[in-house]
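Everything numeric in this text was worked out from a predicted model, so none of it was measured.
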Amino acid sequence: MPLVGYVGAGAEIFTLDEGVGALDEVDPPPGIGPEAVAVRVRGDSMWPRYMDGDVLIYDRHAPLDRVDGRECVVALPDGRRFVKIVRRNPDGTFTLESWNAPPIHNVTLDWAAEIAWVKRG
């Protein structure tokens with residue numbers, strides 16, 4: 001499966017667009033669908049849950065109304081990608097929470113994908 005880029009956990013990361021190519025390949029775990037892609041974590045804002053160097057696999061984007069309170073890989077319109085806990089705000093924007101860093105408030109998301117599998121780095 002393709003490793004399509006990096007996802008920020010404290011670091012601001014811009015990844016490859018999906019379907020554009022891959023930086024590397026990783027072996028998929030059993031039960032992961034053919035549409036799955038992998039990203040490597042950069043930063044430590046989600047420590048101890050996700051650590052710098054971990055590989056996260058996700059296989060589909062979830063409806064944004066279903067990700068409230070979930071840990072997801074998210075894409076912002078400016079191209080940044082993060083792994084965060086997603087909180088929906090009453091105005092339709094989102095707050096992105098970390099385990100050990102200040103939240104990112106009032107952002108718009110292009111998409112969010114729940115994490116299907118973690119390979120420790």
**Study point:** No-hydrogen, no-angle side-chain donor-acceptor test under 3.5 Å, Asn106 and Thr95
**Key:** no

Study note, to complete from the structure: Closest non-hydrogen contact found for Arg60 with Ala113 is O-CB, 3.4 Å

Review point. Would a 4.5 Å heavy-atom cut-off, applied to side chains only, mark Tyr58 and Ile115 as touching?
Key: no

Exercise for review: Heavy atoms only: give me the nearest Glu25-Pro2 pair and the separation to one decimal.
Suggested key: OE1-N, 3.7 Å

Exercise for review: With rounding to the nearest 0.5 Å, note down the distance linking CG in Asp65 to CZ in Arg88.
Suggested key: 6.5 Å

Exercise for review: State, yes or no, whether a side-chain contact exists between Val107 and Thr93 at a heavy-atom distance under 4.5 Å.
Suggested key: no

Review point. Any link between Val118 and Val4 through a network of hydrophobic side chains (Ile, Leu, Val, Met, Phe, Trp, Tyr) touching at under 4.5 Å?
Key: yes

Review point. Are the side chains of Leu56 and Val83 in touch, meaning some heavy atoms are under 4.5 Å apart?
Key: yes

Check your understanding: Could you go step by step and tell me if Val41 and Tyr6 meet the side chain to side chain contact (heavy atoms under 4.5 Å, CB included) rule?
Key -> CA-CA 6 Å; Val41 175; Tyr6 300 95; over 6 Å; no

Review point. Atom CZ of Arg81 and atom CG of Leu76: how far apart are they, to the nearest 0.5 Å?
Key: 8.5 Å

Check your understanding: Hey, what do you get for CD1 (Ile104) to CZ (Phe82), rounding to the nearest 0.5 Å?
Key -> 4.0 Å

Point to revise | Short N-O contact, Lys84 and Glu71, less than 4.0 angstrom | key: no

Practice item. Any chance you could measure His61, atom NE2, to Cys72, atom SG, to the nearest 0.5 Å? Key: 10.5 Å

Review point. Looking only at heavy atoms, which two atoms of Ile32 and Ala116 are closest? And how far apart?
Key: CD1-CB, 4.0 Å

Study note, to complete from the structure: Between Gly43 and Asp52, the two heavy atoms sitting closest are N-OD1, 2.8 Å

Review point. If we only count heavy atoms from C-beta on, is the Val7 to Arg42 side-chain gap below 4.5 Å?
Key: no

Review point. Do Glu97 and Arg87 sit within salt-bridge range, that is, some charged N less than 4.0 Å from a carboxylate O?
Key: yes

Review point. Given the rule in the side chain to side chain contact (heavy atoms under 4.5 Å, CB included) test, do Trp111 and Val74 qualify, once you have shown the distances and angles that lead to the verdict?
Key: CA-CA 6 Å; Trp111 55 261; Val74 299; 5.9 Å; no

Point to revise | Side chain to side chain, Val39 and Val73, heavy atoms closer than 4.5 Å | key: yes

Review point. Counting distance only, does the side-chain N/O of Arg66 pair as donor-acceptor with the main-chain N or O of Ala62 below 3.5 Å?
Key: no

Review point. Donor-acceptor pair, Asp78 side chain versus Arg80 backbone, under 3.5 Å?
Key: yes

Review point. Yes or no on side chain to side chain contact (heavy atoms under 4.5 Å, CB included) for Val37 and Met1, after CA distance, side-chain angles and deciding distance?
Key: CA-CA 6 Å; Val37 295; Met1 105 179 19; 5.8 Å; no

Check your understanding: Does any non-hydrogen side-chain atom of Ile85 lie less than 4.5 Å from one of Leu96?
Key -> no

Exercise for review: Taking atom CG of Asp27 as the centre, report whether more than 12 heavy atoms of other residues, nucleotides or ligands fall under 6.0 Å from it.
Suggested key: no

Check your understanding: Passes side chain to side chain contact (heavy atoms under 4.5 Å, CB included), Arg120 versus Asp54? Steps please.
Key -> CA-CA 5 Å; Arg120 298 295 173 195; Asp54 285 351; 2.5 Å; yes

Revision key, fill the gap. Correct closest heavy-atom pair for Val26 and Ala38 would be CG2-CB, 3.7 Å

Review point. Among the clusters formed by ILVMFWY side chains lying less than 4.5 Å apart, do Met51 and Trp99 turn up in the same one?
Key: no

Check your understanding: Are any of the side-chain heavy atoms of Trp47 and Asn100 separated by less than 4.5 Å?
Key -> yes

Review point. Minimum heavy-atom separation for Gly33 to Asp59, with atom names?
Key: N-OD2, 4.1 Å

